[in-house]
Every structure is written in C-alpha cells, then in structure tokens.
There are 2 protein chains.
Amino acid sequence: MRRAVALAALSPLPDANPRVGCVIVSTDGSVLAEGYHRGAGTPHAEAATIAQANADGVDLRGATAYVTLEPCAHQGRTPSCARALVAAGVARVVYGQGDPNGAAAGGAGILADAGIAVEQDAELARQGAALNEDWTFSVTHARPVVRWKFAATLDGFSAAADGTSRWITGSTARADVHRLRAQHGAVVVGTGTALADDPQLTVRDTDGTNLPTQPLRVVVGDRDLPADARVLDDAAETLQLRTHDVDAVLEVLHERGIHAVWLEGGPTLAAAFLAAERVDEVLAYVAPAMLGAGRPAAADFGAASMTDLRRFDLVDVTSLVTPADATTPAQTDLRLTLRPLATREES
Amino acid sequence: MRRAVALAALSPLPDANPRVGCVIVSTDGSVLAEGYHRGAGTPHAEAATIAQANADGVDLRGATAYVTLEPCAHQGRTPSCARALVAAGVARVVYGQGDPNGAAAGGAGILADAGIAVEQDAELARQGAALNEDWTFSVTHARPVVRWKFAATLDGFSAAADGTSRWITGSTARADVHRLRAQHGAVVVGTGTALADDPQLTVRDTDGTNLPTQPLRVVVGDRDLPADARVLDDAAETLQLRTHDVDAVLEVLHERGIHAVWLEGGPTLAAAFLAAERVDEVLAYVAPAMLGAGRPAAADFGAASMTDLRRFDLVDVTSLVTPADATTPAQTDLRLTLRPLATREES
C-alpha cells in the first residue's frame with residue numbers, strides 16, 4: 001500500500017485527472033506489476049499496471065490489486081478500470097479513496113458484482129485522498145478550489161501609495177509563491193493588476209527561468225491589455241475573461257479541467273471573490289513592515305460592521321527567512337494559511 | 001548567584017527603580033543574609049540585606065556579596081549602597097549588570113578604592129540586565145521605551161467602518177494584552193480613541209476586576225473628554241497631555257520615573273509615534289479575519305513609496321488560542337513582536 005501511494009505521488013500536478021498509483025501482488029506477496037497515472041490522455045494507473053503485466057507476460061489471475069483510488073466505472077477516453085481488473089482476473093482489490101462522484105456509479109460495485117473481493121482501506125483512503133485534495137474538491141463542488149495569495153505589510157498594504165511594491169516580502173517568500181503557484185492549473189488576476197504591475201505570471205525557477213509546464217494565465221475584466229503586456233507573451237497560454245462574475249470565471253476554468261485556481265489579486269478582484277464567498281484558502285505572505293497607506297490587499301467587499309467580519313481558521317503559520325545579502329538585512333516573513341470557518345462553509 | 005537573580009525577580013514591575021537582588025555569603029559558603037528591592041521609596045537590595053544582617057546580629061566582615069546590579073555610588077533617597085557595603089566590612093563583591101549611568105560614577109570604583117575585591121560576573125550581568133530591560137533603556141535613552149500594541153484583522157483594520165471592534169481578537173489574546181499592559185508604567189491613547197471607544201484603560205484580571213496597582217492612564221490631544229468618560233473614573237490616575245509632540249509626551253512620562261509606555265493607539269497617535277521613530281517594539285495581535293474596510297491600525301505616516309517602507313525585525317510569533325464556547329468557534333490569534341531594524345536604530 002505504501003508503494004501504491006509513492007507511485008501515485010509521481011503523477012503530475014496540476015493535471016485534469018487525479019493522481020493514482022497501483023500495485024498488483026501475487027498470493028505469496030511478490031509484486032507482479034505496478035504503475036501510476038502519467039496525466040490526462042494517458043492510461044489510468046490500473047490500465048498502465050495491467051499493460052505492464054501483459055508486456056512482461058505476467059499472469060494476474062488470483063492476484064491482489066492495491067490502488068489508491070476506487071477503480072473507475074465509466075468508459076471515458078480510456079476504458080473502465082474496474083472492468084479491466086475483472087478481465088485481468090484479479091481475485092481481490094484493496095482501494096483507498098472512494099470515487100467522489102458517488103458510490104452508486106462506483107467501480108467497487110462492478111468488481112463485487114464480478115465476484116472479486118473488494119475492500120476499502122482507511123489509511124490508504126486517507127493517503128490517497130491527500131494526494132488529490134484539489135481534484136476531489138472540484139468533483140464535489142463542480143468548480144475549482146480557489147486559493148487567494150497576497151503579500152502585504154503587517155498593516156495590510158500590497159503596494160505603496162505610488163504603486164511600487166518591489167519588494168515587500170523577501171526572496172525566500174517569493175520563491176515559495178512560485179512553488180505553490182506551479183501546483184495550480186490557472187493563475188488569475190484582474191485587469192487592474194495586469195495594467196498596473198505588468199506581471200508575467202509565469203512559474204519561474206529560483207534562477208528566474210520559466211519552468212517547462214506553466215499554469216494557464218487568466219486576466220479577468222473588460223479593459224483591453226496593451227499588445228506588449230508581459231502576460232500576453234508566449235511563455236504560457238493566456239485567457240482574458242471579460243466578465244465581473246466570479247462564478248462565470250470558475251465555470252470556464254472548471255470546463256477546462258482546472259481543479260485549482262491561484263488568485264493573485266488585485267484588491268478589486270480579491271474583494272469580488274471574498275464577497276462571493278469563493279475563497280477556499282488564503283495564503284497570506286506577511287512582511288514585518290508597515291506602510292500606513294497604499295494599495296490594500298483586498299478592497300472594500302461590503303463589510304460595514306463587526307457582524308460582517310469575515311472570519312477564518314488559521315491552519316498554518318510558516319516562517320520564511322531570507323538571509324541578509326550585501327545590500328539588505330535578513331528578513332523573516334510569515335506565510336499564514338487560512339480557511340473559511342466550517343460553519344460558514346456549511347451554511 | 002541564582003538566588004540573587006530569583007530575589008531580584010521579586011522586585012515590583014513596573015517601578016521607578018530597577019529590580020535588584022542581593023545575597024551575602026560567608027567564607028564557608030553559607031548564606032548570612034539576603035534581600036531585594038521592594039520598590040521606589042524603600043531600601044535598595046544591598047541596604048535591605050545589610051539591615052537584615054544587623055537585625056539578626058550577623059557579622060558581615062570578610063563575607064562575599066552577590067548583587068545583580070552594580071551597587072549604587074550616589075546618595076539619593078537612600079544612602080549609597082557601595083559605601084554601605086564598605087561600612088559592613090565585606091571582603092568581596094560580585095555584581096551583575098553594570099550601572100548604565102556610566103562606569104565613572106559607578107559603585108565598583110568606590111568598592112575597589114576601599115580595598116574590596118570587586119568582580120563583574122558575565123552570566124549574572126546577563127540575567128540581571130534581562131530583569132531590567134526597560135529601566136536600562138530609559139536610563140540610556142533618557143526616555144521611556146515605547147511598545148505599540150494593536151489588534152487588527154489580517155488586512156490591518158482595528159475596527160469596522162461603523163466603529164465597532166468587539167471583538168476582533170479572542171479572549172485569550174485580550175487577556176495577554178492585560179498581562180503585558182500591567183508591566184508598563186503608563187498606558188497611552190489619543191483623544192480620538194478615548195472619545196470613540198470610551199475605554200477604561202485599566203489592567204483587569206481574567207474575571208474583569210481591576211488589579212490593585214494600575215499604570216498611569218495618559219490621553220494625548222487637545223479635545224476635551226466628557227466628565228463621564230471611563231478613562232476619568234477613579235480606578236487609576238489619568239493625565240491628559242494637550243500636545244501633538246511625541247517627545248513632549250515622553251519627556252513628561254520620563255520625569256515621572258516611567259520607563260515603559262504601552263501605546264494603544266488609535267491610528268493617528270500610532271502614526272505620530274511611527275513618524276517620529278519612537279516605536280521601540282510592536283506587539284501586533286493579528287486575528288484570522290478580514291474586513292476590507294474600516295479603521296486602520298495606523299494612519300498614513302507619510303510613506304508614499306517603497307523607499308519609505310518601515311521595516312522591522314520579527315523577533316517572536318506566539319499563537320493565542322481561544323477555545324470554542326457556546327456561541328463562537330475556537331479562534332487562533334497571533335501575537336507578533338517586532339523591533340525596528342538595528343540599522344535604523346543606529347542611524
């Protein structure tokens with residue numbers, strides 16, 4: 001089971017499909033075949049494992065398959081994995097996370113109906129689900145999860161009054177942003193930010209070079225961007241959505257198979273997502289600095305009184321230390337991770 | 001030496017005088033007498049210890065005195081402790097923190113001139129000084145240390161747009177404020193805060209009762225307060241300073257023997273202290289919540305561009321967890337402690 005989880009972790013992120021690993025073991029406990037899903041358009045983990053066994057001339061009859069996600073029931077771009085396991089003649093299937101599309105349509109039933117011993121392992125379920133949090137969210141909510149990232153001073157400003165903002169946080173915090181941004185299918189900003197800051201919105205290595213795989217760049221708003229805007233360069237695909245409807249934005253991205261959105265602001269767009277209650281996680285990079293005035297992290301989203309206070313659970317605090325260099329002293333920024341209160345999410 | 005430090009920690013805080021402990025030991029290592037300073041107007045630690053020995057009929061000749069602070073040279077409300085030790089006939093004095101008023105005027109010289117063996121112990125110095133940070137600051141800077149406390153949302157608001165602010169932080173964070181407020185000689189607010197929030201500004205126990213010893217309450221600004229303002233009640237002494245000059249405020253408090261000021265805002269007064277570079281430590285209580293609009297923690301203090309960014313060292317992050325109760329979920333606030341960058345302080 002540990003091997004299946006390790007294999008699943010090799011699956012690409014972000015991707016339209018979940019990360020899945022599979023190990024098929026003989027009755028004497030030896031591994032007959034293993035595989036994982038290499039991304040949308042390639043075989044599922046079970047299919048890849050069975051194909052490997054076939055190529056090696058290994059007979060899977062009577063064997064036990066460990067798979068981190070309930071084998072799929074449906075025939076999509078690839079055949080049903082539950083039916084493939086039946087055809088391969090395995091005697092037992094131990095799976096992890098249940099299919100979030102609903103047990104009724106699940107592959108576990110197909111396997112059981114075929115006389116295969118089927119069990120869900122709780123620990124495998126926990127570990128398998130942990131690898132697919134965003135995919136699971138998007139399946140169950142029919143929209144991508146939204147992570148709002150902002151970097152600000154302790155008093156909540158993301159730029160000075162004249163628009164300058166380089167750099168409020170240290171280089172270690174900025175590298176952390178690139179690392180997390182890379183795990184998202186889309187990076188979203190408003191036209192205001194695109195026009196004011198002219199960001200490239202790509203995922204870069206620590207030496208500043210763009211990584212080979214890039215999230216979709218999304219600019220939300222009606223205003224036209226200049227042809228030489230950096231966000232329109234050929235470093236990655238860019239989509240401009242001429243709408244102010246947060247759910248319309250998420251619907252377009254959901255249809256493109258994007259499970260996680262990295263919302264980078266600016267304040268107006270962040271306020272729109274907050275007002276729509278479409279911020280599922282906040283990544284706040286807080287610098288030990290004050291400005292007293294400037295561009296806020298979030299614009300007014302309509303809170304007039306304490307009864308409108310938007311509360312979150314603080315789920316993580318991480319220190320990000322940038323060492324001193326020749327011109328600047330060391331700087332310790334904080335990354336705070338917050339999630340909407342459960343009561344609010346359930347309401 | 002450990003006993004001397006433990007005794008010093010019994011001295012009151014806040015107080016006009018430093019916290020000092022003294023232990024006098026015979027040549028065979030047995031304790032002959034011990035004492036500590038019980039606050040301004042009472043005998044110094046050495047005098048208290050010698051008086052105890054006299055009352056017990058103990059002969060101190062040839063003994064060794066351990067004292068956490070260099071014995072005073074000058075005769076003030078109480079006689080010079082260095083001369084008292086000479087008169088008592090001790091043979092050796094081991095002291096901790098050096099007199100920050102300057103070695104030239106120090107008691108160590110008086111002792112050495114009298115033929116007493118005098119040494120400063122580094123570890124005793126460190127521990128003794130740690131008990132008197134605020135006193136030492138005020139002696140060396142000729143003004144009180146200023147700690148600016150604010151409680152705010154993650155986006156920097158201390159109250160909602162309609163002025164409501166109860167409660168942004170949880171009860172655990174608010175109790176922590178009272179605990180720290182109690183260690184200061186004065187609590188300072190602007191007339192704006194006094195008029196808007198009508199705070200009592202006292203130090204209260206967890207059950208809400210006022211403690212017997214209270215910091216001086218100071219209201220800064222020209223506007224008159226209504227006679228029924230809570231800050232004017234008889235729970236503690238209150239001083240209104242009709243000035244906008246930060247250094248004038250600190251001078252008045254320094255002359256009253258106050259070594260540490262707890263600045264509670266509001267935004268205008270905080271901005272004045274920031275602009276004057278008279279904030280020596282920031283205690284930021286940050287709630288995991290957003291408002292998007294409202295009363296900021298600090299008003300505009302003149303920063304127009306990133307070159308005006310006021311940077312601090314983040315020296316501590318403490319989580320303050322308020323458990324859930326019948327009406328509200330659990331809340332984790334953060335207390336961030338920041339100090340001005342050394343480069344700034346030295347400039």
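Below, chain A is the first sequence line, B the second, and so on; all start at residue 1. The figures that follow rest on heavy atoms only: side chains count, while hydrogens, waters and symmetry mates do not. In this text the structure is predicted, and so the values were computed from the model without any measurement.
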Quick one: what part of A:F150 sits under 4.5 Å from any heavy atom of chain B, side chain, backbone, both or neither? side chain
So, for B:A160 and A:M306, which heavy atoms are closest and what is the spacing to 0.1 Å? CB-N, 3.6 Å
Select one option (side chain, backbone, both, neither) describing which atoms of A:A159 are under 4.5 Å from chain B's heavy atoms. neither
Check whether B:L314 gets within reach of chain A through its side chain, its backbone, both or neither, counting any heavy atom under 4.5 Å. both
Please flag which part of B:L334 lies under 4.5 Å from any non-hydrogen atom of chain A: side chain, backbone, both or neither. side chain
With rounding to the nearest 0.5 Å, note down the distance linking CZ in A:F157 to CG in B:D155. 9.5 Å
With a 4.5 angstrom heavy-atom cut-off, is it the side chain or the backbone of A:L336 that approaches chain B, or both, or neither? side chain
Nearest atoms (heavy-atom pairs only) where B:A303 meets A:A161: O-CB, 4.4 Å
Looking at A:A289, A:A299, A:A297, which makes the most heavy-atom pairs under 4.5 Å with chain B? A:A289
With a 4.5 Å limit on heavy-atom distance, are the side chains of A:Q331 and B:F312 in contact? no
If you count heavy-atom pairs under 4.5 Å between each of B:L291, B:L274, B:D300, B:D333 and chain A, which one has the most? B:L291
Region of A:S165 in contact with chain B, defined by heavy-atom distances below 4.5 Å: backbone
The reported gap from CZ in B:R311 to OG1 in A:T153 (rounded to nearest 0.5 angstrom) is 10.5 Å
Ignoring hydrogens and geometry, is there a side-chain-to-backbone donor-acceptor pair from B:T164 to A:S305 under 3.5 Å? no
Most contacts with chain B, counted as non-hydrogen pairs under 4.5 angstrom, among A:V282, A:T332, A:L154, A:V286: A:L154
Of B:P288, B:P267, B:G156, the largest count of non-hydrogen pairs under 4.5 angstrom with chain A goes to B:P288
